[in-house]
Amino acid sequence: MKYETVLVITPVLSEEQIKLTTSNYINFLIDNKAKLIFQENWGLKKLAYPIQNKTSGCYHIIYFLAKPKLIFNLKWKLLRDEKIMRFLILKINDEALLFFIKNKPQLILENDFKKKLYINI
C-alpha cells in the first residue's frame, strides 16, 4: 500500500539534529522493508495555532510503499518521540501519487517506480 507521512518536528533542534531525526525515520522504514518513493523537506513553517507552546515547526514529507503492520509500528515510534510535535499518516491512491510525480519528478528515489505502479505518465 502507498502512504504519505508528514512530520512536524520541533523547531528548537539544530538543522543537523532535524536531518538526523528524519533520517532515523527513513532508516526505520527501509529496515522494515518499506520502499521509499520520495521525500521532501519543507523547512520551517508557521503553525496555524500553537503546539507545545511553539508557533512554528519544521515540516518533512515522506511517500513510501509499506505493509499495514509497519504503519502501526511507525505510529507508536512517532508518538514516543519528543522531537515530533505532530504527524499525519495517510493511505493514498495512484492519482495523488501521480500528481506529485508529475510536479516533482526530481524527487523520485526509484527509477523504475512508474513500472511498479503501472501508471502511464
Within the structure provided, determine whether Ile89 and Leu74 are in side-chain contact (heavy-atom separation under 4.5 Å). yes
Transitively linked via ILVMFWY side-chain contacts under 4.5 Å: Leu7 with Phe72? yes
Quick one: NZ on Lys2 to CG on Asn93, what's the gap to the nearest 0.5 Å? 8.0 Å
Same cluster or not: are Tyr49 and Leu44 linked, directly or through other Ile, Leu, Val, Met, Phe, Trp or Tyr residues, by side-chain heavy atoms under 4.5 angstrom apart? no
To the nearest 0.5 Å, what is the distance between CD on Glu4 and CZ on Phe64? 9.5 Å
Output for pair (Lys19 NZ, Cys58 SG), nearest 0.5 Å, gives 11.5 Å
Check for me, please, whether Ile71 and Met1 land in the same ILVMFWY cluster - side-chain distances under 4.5 Å, paths through other members count. yes
Between Ile62 and Leu79, is there shared hydrophobic-cluster membership here, with clusters defined by ILVMFWY side-chain heavy atoms closer than 4.5 Å? yes
Heavy-atom pair of closest approach, residues Asn41 and Gly43: OD1-N, 2.9 Å
Any side-chain heavy-atom pair from Lys83 and Ile18 closer than 4.5 angstrom? no
Kindly check if the number of other-residue, nucleotide or ligand heavy atoms within 6.0 Å of NZ (Lys54) is above 12? yes
Are any of the side-chain heavy atoms of Tyr3 and Leu70 separated by less than 4.5 Å? no
When rounded to the nearest 0.5 angstrom, what distance separates OG1 in Thr5 from CG in Leu29? 7.0 Å
Candidate pair Asn24 and Asp81, rule side chain to side chain contact (heavy atoms under 4.5 Å, CB included), full reasoning: CA-CA 11 Å; Asn24 284 342; Asp81 194 345; over 6 Å; no
Are Ile9 and Ile84 close enough that some pair of their side-chain heavy atoms sits under 4.5 Å apart? yes
Is the shortest heavy-atom distance from the side chain of Leu47 to the side chain of Val8 under 4.5 Å? yes
What distance separates Asn73 CG from Phe28 CZ, expressed to the nearest 0.5 Å? 5.5 Å
From Thr22 atom OG1 to Gln17 atom CD, the distance as rounded to the nearest 0.5 Å: 12.0 Å
What I'd like to find out is whether the side chain of Phe87 reaches to under 4.5 Å of the side chain of Lys75, using heavy atoms alone. yes
Is Val6 reachable from Leu65 through a run of I, L, V, M, F, W or Y residues, each pair having side-chain heavy atoms under 4.5 Å apart? yes
Do other residues, nucleotides or ligands put more than 12 heavy atoms under 6.0 Å from Gln52 CD? yes
Less than 4.5 Å apart, side chain to side chain, heavy atoms only: is that true for Lys91 and Pro68? no
Within a radius of less than 6.0 Å around CD of Glu15, do more than 12 heavy atoms belonging to other residues, nucleotides or ligands occur? no
Looking at every heavy atom in both Met85 and Ser56, which two are closest together, and how far apart are they? CE-O, 3.7 Å
Nearest heavy-atom neighbours spanning Gly57 and Pro11: CA-CD, 4.3 Å
